[in-house]
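Note sheet for the following structure.
Just so you know, these numbers come straight off a predicted model, no measurement behind them.
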Amino acid sequence: MEPQAIDATFYSQIDIQIRFNDLDAYRHVNNNSYFSYYDLGKDEYFREVFPSDFRLQTVVPIIANIKADFFSPIFYGDPIVMQTRCSRLGNKSFTLQQRAVNTKTGRVVCQSETIMVFFDVATQKSAQIPEQYRKNIIAFERGQLD
């Protein structure tokens, strides 16, 4: 898989702090650490798009599937930003695309695709995306959410 086009619009991004313990024996970021970075990107996206108490609701987004592609290693001290956007919005699920960009080189070093499903905590089954969340995602992805 090739890196996503650099001109794709990602309205959500967060700087990633590379920690010494993220490194492996080869002195670059271990592949397991990337998933922590993806989580930071998801948290930032949710903070920007969903109500602040969304985790306390009875219907919440959970990860159903995640896949990642690694293109270039990240080294300690590299300036990395994680960018996140919604690329698909269904009835019960949505897909988040994420990419880590080295801001010094402008290079996409890795990318992921995560399928998120809304889940009813009480019934333990998938649920419709709440209408306000749907509206917020659409507005955010159009650059129109305050």
Side-chain angles (χ1 to χ4, degrees), residues 1-24 28-74 76 78-103 105-146:
M1 176 182 252
E2 291 296 315
Q4 296 162 358
I6 203 72
D7 63 349
T9 302
F10 287 78
Y11 290 106
S12 179
Q13 66 179 30
I14 187 169
D15 291 327
I16 301 297
Q17 178 184 6
I18 309 300
R19 301 163 303 179
F20 181 75
N21 64 337
D22 291 344
L23 306 181
D24 60 18
H28 54 66
V29 172
N30 183 280
N31 63 319
N32 291 322
S33 295
Y34 285 73
F35 290 92
S36 294
Y37 305 160
Y38 294 134
D39 283 347
L40 288 170
K42 284 183 203 63
D43 282 345
E44 180 65 12
Y45 185 88
F46 295 159
R47 187 192 67 74
E48 294 171 329
V49 176
F50 296 151
S52 60
D53 68 345
F54 81 93
R55 288 180 177 89
L56 302 175
Q57 303 303 310
T58 57
V59 175
V60 295
I62 62 170
I63 295 173
N65 180 276
I66 186 169
K67 66 177 187 167
D69 298 301
F70 306 95
F71 305 116
S72 301
I74 298 174
Y76 187 77
D78 282 352
I80 301 296
V81 64
M82 181 60 67
Q83 300 176 331
T84 305
R85 72 183 190 133
C86 179
S87 62
R88 185 193 61 80
L89 185 59
N91 293 320
K92 295 182 176 184
S93 67
F94 62 102
T95 301
L96 290 178
Q97 286 184 323
Q98 294 181 278
R99 65 184 184 189
V101 178
N102 182 318
T103 59
T105 64
R107 187 171 186 169
V108 176
V109 296
C110 67
Q111 66 187 26
S112 77
E113 185 175 270
T114 305
I115 298 172
M116 305 290 302
V117 173
F118 271 85
F119 183 75
D120 186 312
V121 178
T123 65
Q124 297 288 293
K125 294 182 180 179
S126 63
Q128 295 289 318
I129 297 174
E131 191 56 34
Q132 188 58 54
Y133 291 18
R134 174 182 300 286
K135 288 177 182 177
N136 287 4
I137 291 170
I138 292 168
F140 186 80
E141 293 302 331
R142 291 180 177 160
Q144 299 170 345
L145 188 64
D146 295 332

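For D24, the side chain to side chain contact (heavy atoms under 4.5 Å, CB included) partners at least two apart in sequence or on another chain are Y26, H28, N30. Evaluation of the ring pair (Phe, Tyr, Trp, His ring centres under 6.0 Å) rule for F119 yields no partner, not counting sequence neighbours. Legend: residues meeting ring pair (Phe, Tyr, Trp, His ring centres under 6.0 Å) with Y76, ordered by chain and number and at least two apart, are absent. When the ring pair (Phe, Tyr, Trp, His ring centres under 6.0 Å) test is applied to F94, the partners found at least two apart in sequence or on another chain are F118. The side chain to side chain contact (heavy atoms under 4.5 Å, CB included) test applied to S36 returns no partner, not counting sequence neighbours. Partners of T95 according to the side chain to side chain contact (heavy atoms under 4.5 Å, CB included) rule, which considers only residues two or more places apart in sequence or in another chain, are S87, R88, E113, I115.
Here the shortest heavy-atom pairing between A127 and V59 reads CB-CG1, 3.9 Å. Summarising the geometry of S93 relative to I129, their closest heavy-atom pair is O-CD1, 3.5 Å, with the distance given to 0.1 Å. Between V29 and I18, the shortest heavy-atom contact is CG2-CG2, 3.8 Å. Contact record, Y11 with F140: CD1-O, 3.4 Å, taken as the closest heavy-atom pair. Here the shortest heavy-atom pairing between D22 and Q17 reads OD2-O, 4.1 Å. Nearest approach of K42 to T84, heavy atoms of both residues: N-OG1, 4.3 Å.
Side chains of I137 and Y45 form a contact here, defined as non-hydrogen atoms less than 4.5 Å apart. In this structure, Y37 and I80 have side chains that are not in contact, with every pair of non-hydrogen atoms separated by 4.5 Å or more.
Under a 4.0 Å N-O distance rule, the pair R107/D78 does not qualify as a salt bridge.
In this structure, D120 CG and K125 NZ are separated by 9.5 Å, a value rounded to the nearest 0.5 Å.
Note on ring orientation: taking the six-membered ring where Trp is involved, the planes of F46 and F50 are parallel (angle under 30°, cut-offs 30° and 60°).
Side chain of D53 to backbone of L56: no donor-acceptor contact under 3.5 angstrom is found. A donor-acceptor pair under 3.5 Å links the side-chain atoms of Q98 to the main chain of Y38, judged by distance alone.
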